[in-house]
Every structure is written in structure tokens, then in C-alpha cells.
There are 2 protein chains.
Amino acid sequence: MDALSSTFAALADPTRRAILARLALGETSVTELTEPFEMSMPAVSKHLKVLERAGLIERGREAQWRPCKLTPQPLAEVSDWVEQYRELWERRLDRLEAYLQKLQADAANKPRRAAKTGAKTSAATRKNKETGHGRHARGKK
Amino acid sequence: MDALSSTFAALADPTRRAILARLALGETSVTELTEPFEMSMPAVSKHLKVLERAGLIERGREAQWRPCKLTPQPLAEVSDWVEQYRELWERRLDRLEAYLQKLQADAANKPRRAAKTGAKTSAATRKNKETGHGRHARGKK
DNA sequence: CGAGTATAAAACCATACGGTTAAATAACCA
DNA sequence: TGGTTATTTAACCGTATGGTTTTATACTCG
């Protein structure tokens, strides 16, 4: 599996995210990591293996302990990936704000009937025209 | 499942990330989404259901088409979550840099063995510093 | 109505996931 | 050596995932 996929997969479990949060405070043992959870130690051990395969933790050896250490570099790659979309969701919020302001302005001017707010269809259609990415632009091939 | 978990789970598949990348360019149909993949349409339909349950896409109705639209707000939550750890991985890089500089200084003084410089700095990290991406400018609701 | 198109749903299959308990390793200590 | 502690491995179980093919649904158009 590619690195990004295994990182996302590793993060898709609240137990594992809690483990990472704990490890952000410092290196610790499996036993200590297990304590907060209502879960057997082998279960935690499996979670640790998932985190390790994703490169999110490293494990040492110190007598009979296998201390876990957070290695956050894959998180930087997650950040890189998601930042690709930042403009998108910020722009969306901007448009929502603009839309709400327009609604408010319209309501102030001519308060007769509320728009059906089917901004769904019309807005989407318009956006497609703008970007030139019509759904069925391509017919059968 | 909690929102963050299902978002991460949805992102843990390269097909679904490719679908998101396509949808970032604009709304489109299931058929068009399927074309780039060596995969049946029901398979893509299932992926879309996963993305929809995670709130990453919305689906319209337009005749027999069910156009898909990216709704990137969950990505903002992913960003918020991962930014918690930014200081951690940047500090780690800082320490690595310091360590490498120290190695270099030591080597200059007493040059006996070469250091294994695996200095892989994240370009995105830099970029973020430059652009001053107001990562956490937005508070939580 | 009936034919065609776009999509979803059903049934199925193999594999992975997240958990369990019980047994095996590995290191320390007396 | 044997006993204790920390952790992993093995075997198992129920459910979810990602894919398939086949069937059903919903809509348009002639």
C-alpha cells in the first residue's frame, strides 16, 4: 500500500489517534499505553503495529520494554496533501458568506417570498459552466 | 463512527483520493468518474457512498444523472487535526538540522568519520512557513 | 407504451480489521 | 536455575471492505 494510504488508514481509528496524542507527550511503554483503554494489551499491540507500518511510530528496545516513540513525519505528508484543498474549502466558505449576505440584503429590500434556496441545482450548474466541466460533456466513446 | 474517523477512512484509498482530485475540478457524473479506473461502475458507486457518508461529497439529481460535488469541509477538520502536530514535526526537523550542524562542526574539528546525512526536509513545511498559512487562524466551533 | 441510458441495489466472494484468550518470547532478578 | 514482568504471536471470531456480476430502478425520448 502507498504511504499516504497507510497513513490515512492508521489515522482512521480513534484508539490509534489517542495513542499518537499520548506519544506526543513523550516516549512510553505498551503497558502504559494500554491503561487508558478498555482493551487487552494484544489489541493495543496490533494498533501499534499498524502505526509502525505507517511510519508514525518507532520502537526501541530497553530490557523487556519496547518503548514507543512518535515519528510525525508522515503527518507532514498528510498536511501537504490536505493543503492542496485549502483554497477550495476557504473559497466555498467565502461563497457561502457572500450568499448569506445577499440573502440578507434581498430580505431587507423585498421581503415577499423566501427563495426556494435550491442553490443546489442552479449554483452547481453555473459552476460547471464556469469551469467548463460539464457532466455529460463527453458522450459515448 | 465519529466524523474524523470516517473522513480518514474515506481518504485511505487512492481511488477515492483520485475521485476527490477529479471533483476538485468540478461537478461530474458517475460514468465520467469511472472512466479513468479499471473498475466497474458499481465499485465506483460504492466508493462514492463512502465519500458521501464521510461528508466529502454531495449528490444531486438531474434526470438520470446523479452528479457528484465535492464538499471539502471535512478536509478542514483533517487539517485542524493534523496541525496539532505541526510543531512536533517541525521541532523534530529543527533538531535534526541542529544535529546535522553539530555533526558538521565536529567533522570540521576532528574529521574522522562521515555522517549519514539523511536530511529530507519537507518542501511543504517550508512553503507553509513562507505563505504563513493561517493554519489555525480559524477557531473551532 | 417501449427502448435506451445512468445509476443503484443485491448477492456473492476473498481478504482485512479489530477484538478476544491462551501460549510463546525475551529480558530482568534472586 | 527458576520466577516475574513486558510484550508478541497464534488461533479464532464477527464484521467491514473492495471488488465482481446480475438485476432493478429512475429517468428521457420517440
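Letters go in sequence order (proteins before strands), and every chain restarts at 1.
Taking atom NZ on A:Lys49 and atom C1' on D:dT7, their separation rounds to 11 Å, with Å as the unit. Counting to the nearest Å, the P atom of D:dT7 and the CZ atom of A:Arg59 are 8 Å from each other. In this structure, CG of A:Leu51 is placed 14 Å from C1' of C:dC17, rounded to the nearest angstrom. In this structure, the CZ atom of B:Arg66 is 20 Å from the P atom of C:dT5, given to the nearest Å.
Salt-bridge formation is not detected for the pair B:Glu87/B:Arg91: no Lys NZ or Arg NE/NH1/NH2 atom is positioned less than 4.0 Å from an Asp or Glu carboxylate oxygen. Using a 4.0 Å cut-off between charged nitrogen and carboxylate oxygen, A:Arg17 and B:Asp2 count as a salt-bridge pair. Checked for salt-bridge contact, A:Glu83 and A:Arg86 meet the test: a charged N lies under 4.0 Å from a carboxylate O.
Put simply, A:Ser45 has a side-chain N or O that comes within less than 4.0 Å of OP1 or OP2 on D:dT8. Side-chain N/O atoms of B:Arg16 include one lying less than 4.0 angstrom from OP1 or OP2 on D:dG18.
Listed by chain and number, the residues in a ring pair (Phe, Tyr, Trp, His ring centres under 6.0 Å) with A:Trp65 amount to none (sequence neighbours excluded).
No continuous path of hydrophobic side-chain contacts links B:Met1 to A:Ile19 [ILVMFWY only; heavy atoms under 4.5 Å]. In the hydrophobic cluster analysis, where Ile, Leu, Val, Met, Phe, Trp and Tyr join through side-chain heavy atoms closer than 4.5 angstrom, A:Leu56 is grouped apart from A:Val50. Using a 4.5 Å cut-off between side-chain heavy atoms of Ile, Leu, Val, Met, Phe, Trp and Tyr, with links allowed through other members, B:Leu33 and B:Met39 fall into the same hydrophobic cluster.
A side-chain donor-acceptor contact under 3.5 Å links B:Arg16 to the backbone of B:Ala10.
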Pairs under 3.5 angstrom, nitrogen or oxygen only, protein versus nucleotides 19-28 of chain C, please.
| unit_1 | atom_1 | unit_2 | atom_2 | d |
| --- | --- | --- | --- | --- |
| C:dG19 | OP2 | A:His47 | NE2 | 2.2 |
| C:dG19 | N7 | A:Lys46 | NZ | 3.2 |
| C:dG19 | O6 | A:Lys46 | NZ | 2.1 |
| C:dT20 | OP1 | A:Ser40 | N | 3.4 |
| C:dT20 | OP2 | A:Ser40 | N | 3.0 |
| C:dT20 | OP2 | A:Ser40 | OG | 2.5 |

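Contacts with DNA chain D (heavy atom under 4.0 Å) in residues 26-37 of chain A: A:Ser29, A:Val30, A:Thr31, listed by number.
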